[in-house]
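Note sheet for the following structure.
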Amino acid sequence: MVLSVNDRKDIISKFQTSENDTGSAGVQVALITERIKYLSDHLKANPKDYAGERGLSKLVGQRKRLLAYLKKSDFAAYTKITKELNLRK
């Protein structure tokens, strides 16, 4: 995987809502955003990696769906996450 175990733990602890929360929508968006950043850098160095492009577009779509769910269900968490991750609304 792209992220080390310590990096994942740091991201999860920053965005979790309770002690045992590791899979809420906010945590998933933060983890996917880190993977998107890594893949974007990878594709700048390897422009012919078409499988990587497909993976990147799938991740962007998944993050978009999760953000739409967050916006609909918990608008305060949506605004907090988009502000902290510097995502456009």
Side-chain angles (χ1 to χ4, degrees):
M1 208 40 155
V2 178
L3 296 173
S4 68
V5 174
N6 292 333
D7 293 338
R8 288 181 63 88
K9 285 182 182 179
D10 291 341
I11 292 169
I12 290 171
S13 65
K14 185 175 180 180
F15 290 98
Q16 66 186 2
T17 57
S18 67
E19 183 66 29
N20 295 325
D21 177 24
T22 58
S24 66
V27 173
Q28 289 182 50
V29 167
L31 290 172
I32 289 172
T33 301
E34 288 299 316
R35 289 178 63 194
I36 287 172
K37 287 179 186 176
Y38 173 80
L39 264 177
S40 297
D41 293 339
H42 170 77
L43 288 174
K44 288 176 187 172
N46 303 290
K48 291 188 178 185
D49 185 4
Y50 301 114
E53 283 183 12
R54 182 173 188 268
L56 177 65
S57 64
K58 287 176 69 91
L59 285 174
V60 169
Q62 185 177 6
R63 182 177 70 179
K64 182 180 177 182
R65 288 190 303 272
L66 283 168
L67 284 171
Y69 167 75
L70 256 181
K71 187 176 183 180
K72 182 176 65 173
S73 63
D74 189 5
F75 191 74
Y78 169 78
T79 55
K80 176 187 170 209
I81 287 174
T82 53
K83 183 184 283 187
E84 288 188 26
L85 296 175
N86 295 326
L87 298 175
R88 291 182 290 184
K89 292 184 179 182

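Remember, it's a predicted structure, so these values are computed and weren't measured experimentally. Throughout, residue positions are numbered sequentially from 1 according to the sequence presented.
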Verify the cluster assignment for Phe15 and Tyr69: are they in a single hydrophobic cluster under the rule of side-chain heavy atoms below 4.5 Å apart?
no
In one Ile/Leu/Val/Met/Phe/Trp/Tyr side-chain cluster, 4.5 Å: Phe75, Val27
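Hydrophobic grouping puts Phe75 with Val27.
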Value rounded to 0.5 Å, distance of [atom1] in [X] from [atom2] in [Y]:
{"X": "Ser13", "Y": "Glu19", "atom1": "OG", "atom2": "CD", "answer": "10.0 Å"}
{"X": "Thr33", "Y": "Leu66", "atom1": "OG1", "atom2": "CG", "answer": "9.5 Å"}
{"X": "Arg63", "Y": "Ile32", "atom1": "CZ", "atom2": "CD1", "answer": "8.5 Å"}
{"X": "Ile11", "Y": "Leu85", "atom1": "CD1", "atom2": "CG", "answer": "9.0 Å"}
{"X": "Ile81", "Y": "Leu87", "atom1": "CD1", "atom2": "CG", "answer": "9.0 Å"}
{"X": "Glu84", "Y": "Thr79", "atom1": "CD", "atom2": "OG1", "answer": "10.0 Å"}

Heavy-atom side-chain contact between [X] and [Y] under 4.5 Å:
{"X": "Arg35", "Y": "Tyr38", "value": "no"}
{"X": "His42", "Y": "Asp49", "value": "yes"}
{"X": "Ser40", "Y": "Leu43", "value": "no"}
{"X": "Asp10", "Y": "Lys14", "value": "no"}

Above 12 or not: heavy atoms from other molecules or residues under 6.0 Å from CG of Asn20?
no
Val60 and Ser57: side-chain contact (heavy atoms from CB on, under 4.5 Å), yes or no, with the steps?
CA-CA 5 Å; Val60 169; Ser57 64; 5.6 Å; no
Determine the minimum heavy-atom distance between Leu70 and Ala77, stating which atoms define it.
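Distance-wise, the nearest heavy atoms are CD2-CB, 4.1 Å.
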Are side-chain N/O atoms of Asp21 and Ser24 paired as donor and acceptor at under 3.5 Å?
yes
Please check this pair: side chain of Gln28 against backbone of Gly23, looking for a donor-acceptor N/O pair closer than 3.5 Å.
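Yes, Gln28 side chain to Gly23 backbone: donor-acceptor pair under 3.5 Å.
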